[in-house]
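Working notes, beginning with the structure itself.
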Amino acid sequence: MNTSFIIRPMSLNDFSELTEVIDTSFLWLARSLALHSVREGQQVLISEAQGTAVGFVKLTNVQVGSGKFGRVLWVAVHPKFRRRGIATALVKAGFESMTHAGATAVFATVRRRNVASLTVFGSQGFRKIGFLELWRLFGMRIFEFYKKIWLAPWIPVLVCD
Ligand SMILES: CC(C)(COP(=O)(O)OP(=O)(O)OC[C@H]1O[C@@H](n2cnc3c(N)ncnc32)[C@H](O)[C@@H]1OP(=O)(O)O)[C@@H](O)C(=O)NCCC(=O)NCCS
């Protein structure tokens, strides 16, 4: 189905609509973490369709040593608006925004079973990056990197550079 939507920075007025997106997209722990991280509206891009916020991407800066990187922390789309390319557009806009601001690579962590999310990130050039490649990138600072972005050892790290 074709739906026209725009992507723009979040304003605080979007919060109640994003709360519904989060409530319908995540289970309890992720839900409260996601709510917490969008509450202040910093580095959040939203997709607006039919005058309503129907999806969002939350971005964060990751500094490792002197290296500047970005991370897509959350992406979600209201169930009524899925499979219309909205998450794909949000991830693309998020990547562009972070690289424009100086990030040399953008990371994400996605559970193996989350085929929808892996497909969305994959379509935008994100690929799995393992320990050895991260070691080549960060050297001994790899542990600083893991501490900043890793959720659990079994959750793959994706990179787009
Ligand atoms: C993952 C998520 C953000 C995808 O949003 P979306 O707007 O529906 O994604 P898109 O429309 O851009 O999907 C692009 C492609 O990804 C794949 N895809 C998306 N959802 C899929 C699904 N449920 N199953 C299989 N493939 C899927 C398809 O190839 C799709 O292209 P197509 O519709 O032309 O077949 C959405 O399902 C969601 O909010 N899930 C819950 C929250 C979540 O898991 N977030 C990610 C971790 S933070």
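Just so you know, ligand 1 is whichever comes first in the structure, and atom 1 is the first atom listed for that ligand. Atom set for the values below is all heavy atoms of this structure, side chains included, hydrogens, waters and symmetry mates excluded.
With no hydrogens or angles considered, a side-chain donor-acceptor pair links T3 and R84 at under 3.5 Å.
Atom 22 (C) of ligand 1 has as its closest protein heavy atom R83 NH1, 3.4 Å. Nearest to atom 42 (C) of ligand 1 among the protein's heavy atoms is F26 CE2, 3.5 Å. Protein heavy atom at the shortest distance from atom 14 (C) of ligand 1 is T88 OG1, 3.4 Å. Protein heavy atom closest to atom 13 (O) of ligand 1, with residue, atom name and distance, is V120 CG2, 3.7 Å. For atom 45 (N) of ligand 1, the closest non-hydrogen atom of the protein is V75 O, 2.8 Å. Protein heavy atom in closest approach to atom 11 (O) of ligand 1: G85 N, 2.8 Å. Counting only heavy atoms of the protein, atom 39 (O) of ligand 1 lies nearest to V77 N, 2.9 Å. Scanning all protein heavy atoms for the shortest distance to atom 3 (C) of ligand 1 gives A87 CB, 3.6 Å.
Near R84, the atoms of ligand 1 lying under 4.0 angstrom from a non-hydrogen atom of the residue are 11 (O). Against a heavy-atom cut-off of under 4.0 Å, T119 is close to the following atoms of ligand 1: 16 (O), 17 (C), 29 (O).
A salt bridge is defined here as a Lys NZ or Arg NE, NH1 or NH2 lying under 4.0 Å from an Asp or Glu carboxylate O, and E133 with R127 meets this definition. Note on R141 versus E144: salt bridge recorded, some NZ/NE/NH1/NH2 to OD/OE distance being below 4.0 Å.
An N or O contact shorter than 3.5 Å links R82 to ligand 1 by distance. Geometrically, ligand 1 and L73 share no nitrogen or oxygen pair separated by less than 3.5 Å.
When each of L45, I46, I7 is tested with V57 by the rule side chain to side chain contact (heavy atoms under 4.5 Å, CB included), just one qualifies, namely L45.
Taking both residues in full, the closest heavy atoms of T60 and Q43 are given as CA-OE1, 3.8 Å, listed atom of the first, atom of the second, then distance.
Looking at N114 against ligand 1, only its side chain comes within 4.0 Å, counting heavy atoms.
Aromatic rings of F69 and F138 (six-membered ring for Trp) have centroids within the 6.0 Å cut-off, being under it.
Considering only heavy atoms from C-beta on, R31 comes within 4.5 Å of D23 through its side chain.
By the 30° and 60° cut-offs, the orientation of the rings of F56 relative to F26 is perpendicular. Between W135 and F131, the ring planes lie parallel to each other; the angle is under 30°, not in the 30° to 60° tilted range.
Remark: atom 34 (O) of ligand 1 lies closer than 4.0 Å to no protein heavy atom.
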